[in-house]
Engineer: 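Pasting a structure below so you can have a look.
Small disclaimer: the values here were computed from a predicted structure and weren't measured.
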Amino acid sequence: MRIVTLTEETKQNLLEDLLKRSPHSYGEYEQRVSEIVEDVRRRKDAALFEYTAKFDKAQINASNIRVTEEELKEAYDQVDPELIRIMRRSLENIRSYHEKQKRCSWFDSKTDGTLLGQKITPLAKVGVYVPGGKAVYPSSVLMNIVPAKVAGVEKIIMTTPCNAEGKVNPTTLVAAHEAGADEVYKAGGAQAIAALAFGTESIPKVDKIVGPGNIYVALAKKAVYGFVNIDSIAGPSEILVLADETANPRFVAADLLSQAEHDEMASAILITTSRELAEKVSGEVEQFVQVLSRKEIIQKSLDQFGYILLAENMDMAIEAANEIASEHLEIVTANPFEVMTKIRNAGAIFIGEYSSEPLGDYFAGPNHVLPTNGTAKFFSPLNVDDFMKKSSIVYYSREALEAVHEDIEQFAKAEQLTAHANSIHVRFE
């Protein structure tokens, strides 16, 4: 891995480089995605089935688009029982963590005749998109469905591509059933996002769409935002390790590569105050790459977006970490909890050398759907609140309104909104 001295100039160059990975930078695909979305919106099932035949080579129709109980039973027969046991343990950790996020409605009643509050209501229908193809991520199925279930969403609709024979990956199906998906449909790509957003004869319209996908899925979510809500427009995966001379270089190298293997656009960055650690990590990375199964992807990722930044001191390193605002941030220093208090921007923070990033991906419980491309400066991980909406509650008695009505009328008249003022005035004529 390249070792670069951290300066203001190198930091800015790095930030500009990382921004090239954003889905917002792929405008050449947007027109095609918009055409697909509009076609499904207009022709519904007919367009959906045509795109499924074109892109997935599958003959799907109204009679076989929904996964049946028989297909689900077949999936359970095909999945290793030991993997199912592990998924259930993971699911319990995820559920337990997210249950602590749940909030209740509240009301504040006062003796002056006013009552104010907030009514919190789960969303009625949520769509969960799950990628297909060669990559199978049952962990993402759990992470997207469980918080929705904890929130109390009435119906969870999942879509995922099928193969040419019309079959969905069995591990994906088992994960969906274990997590609590109500309906699963064989649909992928931008056409599936459009179907969820607008509804077709087969797939019901939802209120919000969550879940990862390729650039076409990301741009489709961007296109339908406003008609429905979405979780985010996720970019490629990324990890930043903040380390000092006390870190184990072999551990750090392994953790960097855990994200570099996702795809060629993934980013792996080490910021350290120790040149000796930097050089040792670089050497460990080279050795690991030679033996890992996805070495071609890893190497391309490192060549494009892999960096070891050598900082003058820890304060400078922390400042750079906050500017990068990485999806995953590991802190491997002599005083990691002290460093953690100075971190403002990160999707998930892993503290200490035994809290490696895959622990969060699979098992610990916090959600692994995280903000990318610097959006951790203003976005949060997927959570229970994402599946709830809030309504303000206002009640005033006659006496309470009478005490303030002249102030309200004057305020409205100052904005030249006389109908507003009149709405209050008529009650005290």
Side-chain angles (χ1 to χ4, degrees), residues 1-7 9-21 134-135 235-314 316-318 320-321 323-324 326-334 336 339 346-362 368 372-373:
M1 289 180 71
R2 77 197 94 175
I3 300 175
V4 179
T5 300
L6 180 61
T7 65
E9 181 181 2
T10 58
K11 182 175 70 176
Q12 288 305 316
N13 290 340
L14 170 61
L15 291 172
E16 290 175 12
D17 199 27
L18 294 177
L19 281 175
K20 295 174 185 176
R21 303 155 59 250
K134 296 178 182 178
S237 189
E238 53 201 33
I239 186 170
L240 189 154
V241 179
L242 198 55
D244 61 15
E245 69 281 355
T246 67
N248 183 315
R250 188 167 175 82
F251 292 178
V252 171
D255 292 356
L256 290 169
L257 300 183
S258 72
Q259 293 309 290
E261 76 168 343
H262 270 295
D263 69 59
E264 293 89 343
M265 301 292 283
S267 166
I269 299 171
L270 165 64
I271 306 180
T272 182
T273 52
S274 168
R275 176 170 287 279
E276 181 182 357
L277 178 73
E279 292 172 351
K280 286 182 176 179
V281 168
S282 182
E284 292 284 355
V285 164
E286 289 181 15
Q287 292 181 45
F288 275 131
V289 170
Q290 298 308 311
V291 298
L292 292 170
S293 62
R294 295 167 68 88
K295 61 182 180 181
E296 290 82 7
I297 291 174
I298 292 172
Q299 193 59 61
K300 287 181 181 178
S301 167
L302 296 178
D303 290 344
Q304 294 183 97
F305 304 108
Y307 295 89
I308 297 177
L309 301 178
L310 193 59
E312 187 176 324
N313 53 57
M314 187 52 64
M316 189 176 180
I318 292 169
E323 281 294 306
I324 294 169
S326 185
E327 178 188 18
H328 307 98
L329 171 66
E330 290 188 7
I331 303 174
V332 195
T333 62
V339 172
I349 303 172
F350 300 81
I351 300 173
E353 66 179 4
Y354 291 101
S355 304
S356 60
E357 188 279 336
L359 175 66
D361 270 354
Y362 295 109
H368 78 198
T372 58
N373 283 110

Engineer: Is the side chain of Arg294 donor-acceptor paired with the backbone N or O of Asp263 at a distance under 3.5 Å, no angle test?
Structural biologist: no
Engineer: Taking side-chain contact (heavy atoms from CB on, under 4.5 Å) as the test, write out the residues that go with Ala346, two or more places apart.
Structural biologist: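 Partners of Ala346 by the side-chain contact (heavy atoms from CB on, under 4.5 Å) criterion, ordered by chain and then number, come out as Leu329, Ile343, Ile349.
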Engineer: Counting C-beta onward and ignoring hydrogens, is there a side-chain heavy-atom pair between Leu277 and Glu245 closer than 4.5 Å?
Structural biologist: no
Engineer: Is a side-chain N or O of Glu357 found less than 3.5 angstrom from the main chain of Glu330, in a donor-acceptor match?
Structural biologist: no
Engineer: List in chain and number order the residues that pass side-chain contact (heavy atoms from CB on, under 4.5 Å) with Ser301, two or more places apart in sequence or in another chain; answer none if no residue qualifies.
Structural biologist: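 Partners of Ser301 under the side-chain contact (heavy atoms from CB on, under 4.5 Å) test: Ala260, Ala266.
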Engineer: Can you name the nearest heavy-atom pair linking Ala317 to Ile271, along with the distance?
Structural biologist: CB-CG2, 3.5 Å
Engineer: Just wondering, are more than 12 heavy atoms of other shown residues or ligands nearer than 6.0 Å to CD in Glu312?
Structural biologist: no
Engineer: Would you check if there is a donor-acceptor pair between the side chains of Ser237 and Glu327 at a distance under 3.5 Å?
Structural biologist: yes
Engineer: Is any side-chain heavy atom of Val339 less than 4.5 Å from a side-chain heavy atom of Ile351?
Structural biologist: no
Engineer: Treating His328 as the side-chain partner and Ile239 as the backbone partner, does any N or O pair qualify as donor plus acceptor under 3.5 Å?
Structural biologist: no
Engineer: Show every side-chain hydrogen bond (donor to acceptor under 3.5 Å, both in side chains) that has at least one partner inside residues 270-286, sequence neighbours left out.
Structural biologist: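 Checked against side-chain hydrogen bond (donor to acceptor under 3.5 Å, both in side chains) - neighbours excluded - the pairs reaching residues 270-286 are Arg250-Glu284, Glu276-Lys280.
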Engineer: Check step by step if side-chain contact (heavy atoms from CB on, under 4.5 Å) holds for Val332 and Phe251.
Structural biologist: CA-CA 10 Å; Val332 195; Phe251 292 178; over 6 Å; no
Engineer: Distance-only, no hydrogens or angles: does the Glu238 side chain make a donor-acceptor pair with backbone N or O of Asn373 under 3.5 Å?
Structural biologist: yes
Engineer: Would you say Asp244's side chain and Ala334's backbone share a donor-acceptor pair under 3.5 angstrom?
Structural biologist: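 Side chain of Asp244 to backbone of Ala334: a pair is present.
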